[in-house]
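Accompanying notes for the structure given below.
Values reported hereafter were calculated over all heavy atoms of this structure, with side chains retained and with hydrogens, waters and symmetry mates removed. In what follows, chains carry the letters A, B, and so on, assigned in the order in which the sequence lines appear, proteins first and then strands, with residues in each chain numbered from 1.
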There are 2 protein chains.
Amino acid sequence: MVTKQLLKGLPEDADLRRADSLAREIFSDVANKWALLIIEALGERTLRFNEVRNEVEGISHKMLTQNLRMLERNGLVDRKVHPTVPPRVEYTLTEPGRALRTAVDAICGWTHQHLAHIESARGSFDA
Amino acid sequence: MVTKQLLKGLPEDADLRRADSLAREIFSDVANKWALLIIEALGERTLRFNEVRNEVEGISHKMLTQNLRMLERNGLVDRKVHPTVPPRVEYTLTEPGRALRTAVDAICGWTHQHLAHIESARGSFDA
DNA sequence: CGGCATCCCCAGCGATACTG
DNA sequence: CAGTATCGCTGGGGATGCCG
C-alpha cells in the first residue's frame, strides 16, 4: 500500500524515516481547509492576490498570505511579481499543484454527492 | 463544474444557498489533518479506539474522540459498542466513508510521488 | 477500555497600521 | 495592490482525573 509509511512510521532504515517524517509534514501542510480551498480556487487559472481572496469565502488577508507562502515554498503554486506600480502579483498552480487539485476535486465532488446522506445522518445522530 | 457552488457561494435560490453552506460546513469538518488521517487509518478494517490511536501518530485522546464523534455524526464511520466489561468499541468506515477514503488515498499517493520535488522546492525557497 | 468533564495555557487568527 | 509587523484575544487542544 502506498500509504503504509505515512501511517505506520517507524521504519528501520534511516532514509525511510526521514522521508516519512517529511511526508507527514507535507501532509499536515496540505491537509487543511484553507490550503485545499485555495488550490481549488486557483484551478487552471492565474489569479491575483485579491482575486484569490474573493474566490475563497471567509479567508482573512493574513491566512491567505500565510497559506500562499506555504504553498509556494512547497512548490505547489508559482508566484509571479510584476514590477509595476501598483504592484501586480499573480498566482498559478504548478504541475504538482494541479496534480493535487484532482484529489481536491474528488473531495469536493464527494461532498456534494453525499450532502443528503450526511444531512440525514446528522439528523439521526442529534436525536 | 461540480464544485462551483462550494466555491462561489451566493446562489440566488434559497435551497441552493442552504445546500452550499452545508457543503462548506462538511468540507471544513472533513478537510482537516486528523479527520483525514483517521479515515486513512481505518481503511477497510474495523478498529477499536486505542487501535486507531496507535495507527494515527501523535493524536491525543481528546482529538481522537472529538474527530470520531464528528465523523460518526456525519455518517462516515460506524460506531459499535459491545456491552462487555471492559467495554469494547469498534469503528468502521461506512460506505460514504470508504468513498471519501479513495480521495484521501490520492492525497497520500500524491504526497509520496512529489516528495523529491517538494524537498528541492523548499531548498530553493529557503535560500 | 472508552468517554466525558475540568482546568489551563499557548499558538493561531483577526484587526489594525505602516511600507514599497 | 501586496506584504509585513504588532497586538490582543479566544478557543483549540493537551493534561489530568473520574465514571460506567
Residue list, side-chain contact (heavy atoms from CB on, under 4.5 Å) with [X], at least two apart or on another chain:
X: B/Ala31; answer: A/Leu36, B/Phe27
X: B/Ala106; answer: A/Ala103
X: A/Val81; answer: A/Arg79, A/Val89
X: A/Glu90; answer: A/Thr46, A/Arg48, A/His82, A/Arg88

request  = Can you figure out which of D/dA2, C/dG3, C/dC1 approaches the side chain of A/Val89 most closely?
outcome  =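 Closest of the options to the side chain of A/Val89: D/dA2.
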
Short side-chain to backbone donor-acceptor contact, A/Trp110 and B/Arg101, under 3.5 Å:
no

Contacts satisfying side-chain hydrogen bond (donor to acceptor under 3.5 Å, both in side chains) that involve residues 117-127 of chain A (not counting sequence neighbours) are A/Glu119-B/Arg18, A/Arg122-B/Glu25, A/Arg122-B/Asp29, A/Arg122-B/Asn74, A/Asp126-B/Arg73

Smallest separation among heavy atoms of A/Gly75 and A/Thr94, with atom names:
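Closest pair (atom of A/Gly75, atom of A/Thr94, distance): O-OG1, 2.7 Å.
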
Writing each nucleotide of DNA chain C 5' to 3' as (, ), [, ], | or . by Watson-Crick or G-U pairing under 3.5 Å yields ||||||||||||||||||||

Considering every strand and a 4.0 Å limit on heavy-atom distances, what is the contact class for A/Arg88: base, sugar-phosphate, or nothing? nothing

Taken to the nearest whole Å, CG/B/Asn50 to C1'/C/dC1 is 7 Å

Between P on D/dG3 and CZ on A/Arg53, what's the gap in Å once rounded to a whole number?
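Taking CZ of A/Arg53 and P of D/dG3, I get 12 Å after rounding.
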
Test of understanding: with side-chain hydrogen bond (donor to acceptor under 3.5 Å, both in side chains), list the residues that count as partners of B/Glu51, not counting sequence neighbours.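 Once residues adjacent in sequence are excluded, B/Glu51 has no partner under the side-chain hydrogen bond (donor to acceptor under 3.5 Å, both in side chains) criterion.
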
Hits for side-chain hydrogen bond (donor to acceptor under 3.5 Å, both in side chains) against B/Trp34, two or more places apart or cross-chain, chain-then-number order -> none

Per-nucleotide protein contact along nucleotides 9-20 of chain D, 5' to 3', at a 4.0 Å heavy-atom cut-off (B base, S sugar-phosphate only, - neither), is ----BB-----B

Ordered by number, residues from residues 67-83 of chain B within less than 4.0 Å of DNA chain C (heavy atoms) are B/Arg69, B/Arg79

Any A/Arg48 side-chain nitrogen or oxygen under 4.0 Å from OP1 or OP2 of D/dC1
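Checking D/dC1 against A/Arg48, no side-chain N or O comes under 4.0 Å of OP1 or OP2.
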
Q: Considering just the side-chain nitrogens and oxygens of B/Tyr91, establish if one lies under 4.0 Å of OP1 or OP2 belonging to C/dC1.
A: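 Negative; the distance criterion is not met.
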
Using distance only, find each side-chain donor-acceptor pair of residues 62-70 of chain A under 3.5 Å and give its atom names and separation, not counting sequence neighbours.
unit_1: A/Thr65; atom_1: OG1; unit_2: A/His61; atom_2: O; d: 2.7
unit_1: A/Thr65; atom_1: OG1; unit_2: A/Lys62; atom_2: O; d: 3.2
unit_1: A/Asn67; atom_1: ND2; unit_2: A/Met63; atom_2: O; d: 2.8

Next on the checklist: Contact between B/Lys33 and A/Asn32 at the side-chain level, heavy atoms closer than 4.5 Å - yes or no?
Outcome noted: no

